[in-house]
Amino acid sequence: AMEKSYVSMFLLLIVISCALAKDAGKKDTKDTTAKPKLPQTLSRGWGDQLIWTQTYEEALFRAKHSQKPLMIIHHLEDCPHSQALKKVFAEHKDIQKLAEKFILLNLVYETTDKNLAPDGQYVPRILFIDPSLTVRADITGRYSNRLYAYEPSDISLLYSNMQKALKLLKTEL
């Protein structure tokens, strides 16, 4: 299985120890005052009952330590394609259920990590990152000019790509 050559395999080298230190320090004060967490704000409508991470760094940290894959959705609030995809994503019961097995992040801005834009900074685009912090550039949608784009009509492909991301995990880790 070692020779499987993926389109592009990048290790995201990010110092996550500082994120950990920040989180550990925050814990005590936050839990008493700020319950419940505000999922609506972080979900931005992609699944209000799901747990969404706030930052890319936090998402990487959680993926690594929970051994769950990370799903990142890049979108924009005023983009009709993003809006349309968000609607079917949020209303798709099976996707919402399966999403619980992922660390989730949706972003309305680009990160400085070039690995999250293997073929450009378009929206909406969805990328998967495994717990070794490798961007799975091999999990693509159906458009050759925008590999990680999904239209509302591709929702079942997105669902099977989510299943694929979870399956890869079992076989590789």
Side-chain angles (χ1 to χ4, degrees), residues 1-24 39 42-44 46-47 49-75 82 85-86 89-90 92 94-144 146-151 154-173:
M2 282 305 281
E3 306 84 82
K4 275 193 203 153
S5 62
Y6 293 110
V7 189
S8 49
M9 204 128 137
F10 297 115
L11 200 55
L12 301 171
L13 298 173
I14 291 209
V15 190
I16 333 189
S17 51
C18 62
L20 174 62
K22 277 207 301 258
D23 280 356
L42 288 181
S43 82
R44 298 190 180 91
W46 289 88
Q49 82 294 350
L50 294 166
I51 296 164
W52 295 85
T53 47
Q54 198 158 4
T55 64
Y56 181 43
E57 290 69 29
E58 179 196 354
L60 290 174
F61 179 81
R62 288 205 187 168
K64 186 176 178 178
H65 289 270
S66 65
Q67 291 299 295
K68 286 179 172 179
L70 163 58
M71 178 162 73
I72 298 187
I73 304 171
H74 285 89
H75 64 107
S82 296
L85 184 63
K86 178 197 298 196
F89 185 94
H92 194 293
D94 293 335
I95 278 190
Q96 292 288 311
K97 186 89 199 109
L98 197 58
E100 294 172 5
K101 297 186 159 72
F102 288 81
I103 301 299
L104 300 167
L105 177 66
N106 68 76
L107 293 173
V108 287
Y109 55 86
E110 294 292 337
T111 68
T112 53
D113 190 341
K114 297 282 173 279
N115 300 325
L116 290 186
D119 63 348
Q121 297 187 335
Y122 50 87
V123 295
R125 71 177 192 282
I126 299 179
L127 286 145
F128 296 94
I129 298 179
D130 68 28
S132 75
L133 305 189
T134 302
V135 174
R136 299 310 303 237
D138 53 318
I139 303 181
T140 57
R142 68 172 87 245
Y143 308 101
S144 53
R146 294 186 165 195
L147 291 175
Y148 309 99
Y150 296 86
E151 294 277 324
D154 306 324
I155 199 73
S156 56
L157 173 61
L158 177 57
Y159 180 66
S160 64
N161 277 349
M162 288 169 71
Q163 291 174 310
K164 190 192 282 183
L166 287 164
K167 232 175 246 121
L168 284 170
L169 214 59
K170 292 192 177 54
T171 56
E172 293 180 9
L173 293 178

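This one's a predicted model, so the numbers in the text were calculated from it and none came from an experiment.
Under the 3.5 Å distance criterion, the side-chain polar atoms of E151 are left unmatched by any main-chain donor or acceptor of L85. Between the side chain of W52 and the main chain of G47, a donor-acceptor pair closer than 3.5 Å is present. Using a distance-only test at 3.5 Å, with no hydrogens or angles considered, no donor-acceptor pair links the side chain of E110 to the main chain of Y122. A donor-acceptor distance shorter than 3.5 angstrom exists from the side chain of Y148 to the backbone of A137, with no hydrogens or angles considered. A donor-acceptor pair under 3.5 Å is absent between the side-chain atoms of K101 and the main chain of M162, judged by distance alone.
Residue K164 holds its NZ atom at 7.0 Å from CG of D138, rounded to the nearest 0.5 Å. Note that CZ of R125 is 12.0 Å distant from OH of Y150, once rounded to the nearest 0.5 Å. Atom NE2 of H92 is separated from atom NZ of K97 by 14.5 Å, given to the nearest 0.5 angstrom. Here the CD1 atom belonging to I126 is positioned 13.5 Å from the CG atom belonging to L147, to the nearest 0.5 angstrom. Residue E58 holds its CD atom at 9.5 Å from CZ of F61, rounded to the nearest 0.5 Å. The structure places CG of L60 at 8.5 Å from OG1 of T55, a figure rounded to the nearest 0.5 Å.
L105 places none of its side-chain heavy atoms less than 4.5 Å from the side chain of M71. Within the 4.5 Å cutoff, side-chain heavy atoms of L116 are placed close to those of Y56. The side-chain heavy atoms of F89 and Q96, taken from C-beta on, include a pair separated by under 4.5 Å. Side-chain contact between D130 and T134: present, with at least one pair of heavy atoms (C-beta onward) separated by less than 4.5 Å.
A63 and P131 make their closest contact through O-CB, 3.6 Å (heavy atoms, listed as atom of the first residue, atom of the second, distance). The shortest non-hydrogen separation linking A59 to L70 is CB-CD1, 3.7 Å.
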V108 vs H75, side-chain contact (heavy atoms from CB on, under 4.5 Å): CA-CA, chis, key distance, verdict: CA-CA 5 Å; V108 287; H75 64 107; 3.5 Å; yes

Worked check of side-chain contact (heavy atoms from CB on, under 4.5 Å) between D154 and Y143: CA-CA 10 Å; D154 306 324; Y143 308 101; 2.9 Å; yes

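Only one option out of I51, L166, L50 pairs with F102 in a side-chain contact (heavy atoms from CB on, under 4.5 Å); it is L166. Exactly one residue among I73, T140, V135 makes a side-chain contact (heavy atoms from CB on, under 4.5 Å) with L127. That residue is V135. Here the options are N106, I103, I72, L42, the test is side-chain contact (heavy atoms from CB on, under 4.5 Å), and the partner is T53; only I103 passes.
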